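Report on the structure given below.
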Amino acid sequence: MQYLPIHFDTRGATILVVGGEAAAEAKLRTLLKTEAKIRVIAKSISPEISRWAAQNKLQHIEREFEASDLQGVSLVYAATEEDAYNGEIADMAAARQIPANAADYKDACRFITPALVDRAPVLVSIGTEGTSPALARALKADLETRLPPSTGNFAFKTKTLREKVKAILPDLADRQRFWAKIFSEKNLTEQLRLTSLELEAQVQAELDGEDTEAGKVLLVGAGPGDPDMLTTAARRALHAADVIVYDRLVSDGVMELGRREAEYIYVGKTPGEPSIGQQAINDILLQKASEGLLVVRLKSGDPLIFGRADEEIDALQAQGIPIQIIPGITSAAAAAAAIDASLTTRGTNKAISFLTGHDAKGFAEQDWASLARPGGRAAVYMGVGAARFIQGRLMLHGAEADRPVTVVENASRLNQIITYTTLKNLPEDIAAAGIKGPAILLIGYAERRAKTETRVAI
Ligand code: SAH
């Protein structure tokens with residue numbers, strides 16, 4: 001170990017940064033979070049650094065660096081845009097026993113700054129001694145997703161609870177066992193997301209010798225299919241799950257992210273085929289959560305749009321099972337993104353309806369008169385089989401035959417298909433394109449002309 005990682009107390013310290021452009025700015029982003037007084041010496045500074053100076057977050061001295069500037073400072077960052085000059089400044093600092101860092105000049109550095117995952121007061125610093133900055137960045141990105149923003153609060157809360165636990169468990173080994181149990185490895189990420197009150201309740205229950213293995217159901221949006229369109233919270237939930245209860249439209253790519261050891265339960269409903277009933281799904285969720293397991297109920301898109309979420313929420317809440325909802329990108333949003341269309345357009349539509357083509361009784365009736373008005377726009381879910389019905393109803397209520405309709409099948413997935421058509425040709429064009437679903441019908445949305453031209457130009 002060539003470099004010793006230490007956490008430097010910045011209270012009362014003055015940190016000198018020489019330079020005012022990109023390299024200095026990068027260092028300052030971290031330094032400004034400390035409690036040190038920050039002094040920047042540079043003839044000119046970037047707009048971002050000027051803003052910080054104007055906010056009194058740092059002191060800017062507008063001139064070239066001089067040796068006397070090293071007087072009374074605790075640390076030096078030589079961060080001009082000239083590597084050799086940075087090296088010289090670092091050497092001058094070293095001669096005065098002041099630790100210095102020279103930007104982009106590792107050999108001249110007396111210390112280097114690690115990649116940082118900042119959940120203050122919890123700090124994870126990652127250093128590779130310069131061997132692989134890319135690996136450090138990858139590790140940082142990985143930890144960033146796994147440590148929720150609440151980690152810092154969690155640490156503060158633990159601090160207040162430590163006294164309480166110490167009073168009841170005076171023996172150190174007992175206390176270590178106690179805290180190890182609280183931080184049980186499997187669900188560490190979930191644990192870190194607990195609110196202060198939940199943590200306090202858990203610690204109290206554990207002290208009282210109660211069974212603290214309470215189950216929970218997370219209702220998670222799996223997005224339209226592309227795993228990159230999952231929220232970070234959804235990824236975390238998938239990593240932590242004991243049980244994953246999933247629907248037909250949840251993509252394989254998303255399923256890949258589930259914890260390997262989790263139990264997987266498929267509860268997909270295929271249109272027109274006998275499949276598992278809603279009651280049976282509710283029962284599975286209740287059963288697994290009452291066993292103290294962390295259940296992830298994974299639904300395509302957003303769980304609260306055409307996902308029968310309220311039936312599951314009601315059933316769970318009636319039994320006192322805690323639930324938490326993690327929203328997802330709904331397929332209408334992904335379909336609009338696939339065709340570069342804004343769902344709302346100033347002056348064109350002040351509202352957009354999310355409709356279902358089917359409901360429990362068959363084809364779904366809607367407020368057709370309002371949808372048929374000029375400029376009416378809607379995103380239709382489960383609309384492929386109902387296309388002729390929707391066309392008929394809209395035209396009956398006076399919608400123009402040439403109103404544009406865009407159909408996006410498998411939005412965001414590798415097998416995505418886009419068909420631009422009109423109300424008049426909707427059912428025929430859906431059939432001609434071989435679209436069977438899952439698809440969204442975007443009524444009132446045309447192909448962007450600019451996009452067509454680009455395509456022609458290619
Ligand atoms: N909760 C989901 C909708 C579930 S209803 C959401 O927010 O997206 C099922 C319907 O969603 C399908 O019939 C289809 O209309 C739509 N759908 C789901 N995934 C889709 C995708 N990748 N592309 C297009 N439509 C999709």
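We number each residue from 1, following the sequence as shown. Just so you know, ligand 1 is whichever comes first in the structure, and atom 1 is the first atom listed for that ligand. These figures come from a predicted structure and were not determined experimentally. These values consider heavy atoms only, across backbone and side chains, with no hydrogens, waters or symmetry-generated copies.
Between E409 and ligand 1, not a single N/O pair is under 3.5 Å apart. Checking only distances, I305 does come within under 3.5 Å of ligand 1, N or O to N or O. Between I329 and ligand 1, a contact under 3.5 Å exists for no N or O pair. Polar contact check, G383 against ligand 1: no nitrogen or oxygen pair lies under 3.5 Å apart.
From the protein, the heavy atom lying nearest to atom 4 (C) of ligand 1 is F306 O, 3.5 Å. The nearest protein atom to atom 22 (N) of ligand 1, hydrogens excluded, is given as P224 O, 2.8 Å; this is a heavy-atom distance. In terms of protein heavy atoms, atom 7 (O) of ligand 1 is closest to T330 OG1, 2.6 Å. The single protein non-hydrogen atom nearest to atom 8 (O) of ligand 1 is S331 OG, 2.5 Å, given as residue, atom name and distance. When hydrogens are left out, the protein atom nearest atom 23 (N) of ligand 1 is A411 N, 2.8 Å; that is the closest non-hydrogen contact. In this structure, atom 2 (C) of ligand 1 lies nearest to the protein heavy atom S300 O, 3.1 Å. Among protein heavy atoms, atom 9 (C) of ligand 1 sits closest to L249 CD1, 3.7 Å.
Between the side chains of E291 and Q287, a donor-acceptor pair is found at a separation under 3.5 Å.
Surrounding OH of Y105 are at most 12 heavy atoms belonging to other residues, nucleotides or ligands under 6.0 Å away.
Of all non-hydrogen atoms in P374 and E400, the two that sit nearest each other are CA-OE2, 4.2 Å. When all heavy atoms of R413 and L249 are compared, the closest pair comes out as NH2-O, 2.6 Å.
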Derivation of the side chain to side chain donor-acceptor pair (under 3.5 Å) call for Y381 and T330: CA-CA 10 Å; Y381 293 69; T330 190; 2.6 Å; yes

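Each of V243, I281, I244 was scored for a side chain to side chain contact (heavy atoms under 4.5 Å, CB included) with I265, with one residue passing: V243.
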